[in-house]
Participant: 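So that we are looking at the same thing, I have put the structure below in structure tokens.
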Amino acid sequence: MRETIEATRVDWPDVPTSAWALGYSFVVGQSLALFERGTQPPEDWLISIALSVALVVLGAHGVMRARMIRFWLVVAVVIIAAVGGVVSLFVAPSAWDVLELGLTVVQLILLRTYYRSEWFALHRQNVPGAPSLAPIMFVAVLVGVMGGMLGAGSNGVSVTFNVGS
């Protein structure tokens, strides 16, 4: 019995460099957005940060554990961002748009590289004994916090409700 347990053990590789680079590319993206747009009013931070952290960590955890629905949802969001970046370049081109589109393309390349990694394959096969994701999840939390502080862009959609008699 002991021999079978030993035979099924897998030496898990370290978290792929592509995963770390992907996480930090989102930190860079949020930093650029914060620099460009600034923050929202501090009184709105608490709820916004909590929701943003929850969404980012949920997505990041799914990507890291090769949960295909969440992985492809993240891929779809990044593709939509790339399409939006291309459209933005045609409508009102700016250096920010070029920089953001370039970063989005890098993120797509990193997602593809991560998808092809041994780490991803082992998770797809549900091989037990994977190392903790806590260190890379801290990067996801940072991205979520930054996203929750982010102010609305000047070209964003604005919705106003007027309640009166």
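Being a predicted model, the structure only gives us computed values, none of them experimental.
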Participant: Side-chain heavy atoms nearer than 4.5 Å, only ILVMFWY residues, links allowed to pass through others: does that put V127 and L133 together?
Facilitator: yes
Participant: Following the transitive rule for hydrophobic clusters with a side-chain heavy-atom cut-off under 4.5 Å over Ile, Leu, Val, Met, Phe, Trp and Tyr, establish whether W20 and V78 coincide in one cluster.
Facilitator: yes
Participant: Measuring from atom CD of E118 to atom NE2 of H123, what distance do you get when rounded to the nearest 0.5 angstrom?
Facilitator: 11.0 Å
Participant: What heavy-atom pair brings R65 and A130 nearest, and what distance separates the two atoms?
Facilitator: NH1-CB, 3.3 Å
Participant: If you look at every heavy atom in D97 and S88, which pair is closest and at what distance?
Facilitator: OD2-OG, 2.9 Å
Participant: Nearest 0.5 Å, what's the CE-OG distance between M146 and S31?
Facilitator: 3.0 Å
Participant: Under 3.5 Å, side chain of W12 to main-chain N/O of P128, donor-acceptor pair present?
Facilitator: yes
Participant: Walk me through whether Q40 and S48 qualify under side-chain contact (heavy atoms from CB on, under 4.5 Å).
Facilitator: CA-CA 10 Å; Q40 63 179 322; S48 184; 3.0 Å; yes
Participant: Can you tell me how far OG1 of T17 sits from CG of L22, rounded to the nearest 0.5 angstrom?
Facilitator: 12.0 Å
Participant: Locate the shortest heavy-atom distance separating V56 from A140; write the atom from each residue and the value.
Facilitator: CG1-O, 3.2 Å
Participant: Does a side-chain heavy-atom distance below 4.5 Å link V77 with I80?
Facilitator: no
Participant: Do you know which two heavy atoms are closest between S94 and L89, and how far apart they sit?
Facilitator: O-CD2, 4.3 Å
Participant: In Å and rounded to the nearest 0.5 Å, what is the CD1 to OG distance from I109 to S18?
Facilitator: 12.0 Å
Participant: Could you give me the CA-CA distance, side-chain angles and deciding distance for L103 and L99, then say whether side-chain contact (heavy atoms from CB on, under 4.5 Å) is met?
Facilitator: CA-CA 6 Å; L103 184 61; L99 189 59; 6.0 Å; no
Participant: Between V74 and L58, is there a shared hydrophobic cluster once you connect ILVMFWY residues whose side-chain heavy atoms come closer than 4.5 Å?
Facilitator: no
Participant: Any side-chain to backbone donor/acceptor pair from E100 onto A95? Under 3.5 Å, distance only.
Facilitator: no
Participant: Which pair of heavy atoms, one from L108 and one from A82, lies closest together, and at what distance?
Facilitator: CD1-CB, 4.2 Å
Participant: Which atom pair, heavy atoms only, marks the closest approach of M68 to Y115?
Facilitator: CE-CE1, 3.8 Å
Participant: Side-chain heavy atoms under 4.5 angstrom apart, residues restricted to Ile, Leu, Val, Met, Phe, Trp, Tyr: same cluster for V27 and M137?
Facilitator: yes
Participant: List for me each residue that meets side chain to side chain contact (heavy atoms under 4.5 Å, CB included) alongside V75, sequence neighbours excluded, and say none if there are none.
Facilitator: F71, W72, I79, L111
Participant: Quick check against the 3.5 Å criterion: does W45 have a side-chain atom that pairs as donor or acceptor with the backbone of V145?
Facilitator: no
Participant: Indicate yes or no for a side-chain donor-acceptor contact from R70 to the backbone of A60 under 3.5 Å, with no hydrogens or angles considered.
Facilitator: no
Participant: Enter the distance from Q30:CD to R37:CZ here, rounded to the nearest 0.5 Å.
Facilitator: 8.0 Å
Participant: Does some side-chain heavy atom of F26 sit less than 4.5 Å from a side-chain heavy atom of V139?
Facilitator: no
Participant: If Ile, Leu, Val, Met, Phe, Trp and Tyr residues are connected whenever their side-chain heavy atoms lie under 4.5 Å apart, and connections chain through other members, are V53 and L142 in the same group?
Facilitator: yes
Participant: I need the L150 CG to E36 CD distance, nearest 0.5 Å.
Facilitator: 9.0 Å
Participant: Over 60° means perpendicular and under 30° means parallel, so tell me whether Y114 and F120 are parallel, tilted or perpendicular.
Facilitator: perpendicular
Participant: Between S52 (side chain only) and G144 (backbone N and O only), is there a donor and an acceptor less than 3.5 Å apart?
Facilitator: yes
